[in-house]
Amino acid sequence: MRAPSDGNALPSTASTQPGFWCECLLTSTESDSTVLVGSLDAYAALDAVRWIRIAVRMLVSVADEAEAEPVHEWLLFGSNPTAAALERGKPFAIALRHEQLRLAWSARPVSFLPLAHRADRALPPCAQEWSQPATLRAALTASQNTHLPARR
């Protein structure tokens with residue numbers, strides 16, 4: 001089977017870059033809702049683990065005592081084994097609970113698709129067809145004509 005010639009072919013695995021997708025989710029038991037607090041795309045397992053460690057270290061002191069103990073142990077001894085497991089393709093998650101709130105951090109291996117750079121390309125004709133609201137158009141025009149004073 002051949003790839004379509006119209007340029008809509010899926011990228012090959014050679015054009016993807018391995019990495020790790022990290023998330024922090026906040027869940028409330030009162031409202032039964034989950035909110036994405038933060039996310040990170042890391043290209044090294046140690047960077048993914050570092051992102052989680054920094055956030056967990058800041059919040060572990062307010063966690064319920066029963067959950068804080070294993071988290072303290074992970075903070076002391078778990079970074080390198082966690083990074084090694086991520087490198088082997090294993091996902092990782094850790095959570096803290098405080099009253100009705102639960103914060104959960106996770107990291108998992110992914111393949112990132114390359115993004116097209118358009119710095120040296122002209123925008124497509126449809127970009128000029130967007131009708132901007134008059135106030136936005138005026139603000140954009142004013143900001144382009146305003147020069148900030150030099151910093152001293």
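Just the heavy atoms: all of them, side chains too, but no hydrogens, waters or symmetry mates, feed the values below.
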Legend entry - Cluster overlap L46 with I52, hydrophobic side-chain contacts below 4.5 Å: no
Inset, instruction - Provide the full list of salt bridge (charged side-chain N to carboxylate O under 4.0 Å, His left out) pairs with a residue in residues 77-91, sequence neighbours left out, each pair given once. - result: none
Legend entry - Heavy-atom pair with the smallest gap, counting every atom of F20 and A48: CB-CB, 4.1 Å
Inset, instruction - Could you list all the side-chain hydrogen bond (donor to acceptor under 3.5 Å, both in side chains) pairs where at least one residue sits in residues 72-86, not counting sequence neighbours? - result: R53-S79, W74-T82
Legend entry - Residues clustering with L76 (ILVMFWY side chains joined when closer than 4.5 Å, directly or via others): F77
Inset, instruction - Quick one: list whatever passes side-chain hydrogen bond (donor to acceptor under 3.5 Å, both in side chains) with T34, sequence neighbours left out. - result: T27
Legend entry - Qualifying residues under ring-ring contact (aromatic ring centres under 6.0 Å, His included), relative to W21, sequence neighbours excluded: none
Legend entry - Partners passing salt bridge (Lys or Arg N to Asp or Glu O under 4.0 Å) against D47 (at least two apart in sequence or in another chain): R50
Inset, instruction - For S31, check side chain to side chain contact (heavy atoms under 4.5 Å, CB included) against everything at least two apart and list the hits. - result: S28, S33
Inset, instruction - Examine V37 and L40 and state if one hydrophobic cluster contains both, with Ile, Leu, Val, Met, Phe, Trp and Tyr joined whenever side-chain heavy atoms are less than 4.5 Å apart. - result: yes
Legend entry - L59 with W51, same ILVMFWY side-chain cluster at under 4.5 Å: yes
Inset, instruction - Return the set of residues passing side-chain hydrogen bond (donor to acceptor under 3.5 Å, both in side chains) with S39 (not counting sequence neighbours), or none when no residue passes. - result: none
Legend entry - Cluster link L26 to V56, ILVMFWY, side chain under 4.5 Å: yes
N/O donor-acceptor pairs under 3.5 Å from side chains in residues 93-114, not counting sequence neighbours:
{"unit_1": "R97", "atom_1": "NE", "unit_2": "E67", "atom_2": "OE2", "d": "3.0"}
{"unit_1": "H98", "atom_1": "ND1", "unit_2": "V62", "atom_2": "O", "d": "2.6"}

Inset, instruction - Determine whether L25 and V71 fall in the same hydrophobic cluster, where Ile, Leu, Val, Met, Phe, Trp and Tyr are linked whenever their side-chain heavy atoms lie under 4.5 Å apart. - result: no
Inset, instruction - Hey, could you give me each pair passing salt bridge (charged side-chain N to carboxylate O under 4.0 Å, His left out) that has a residue in residues 25-44? Not counting sequence neighbours. - result: none
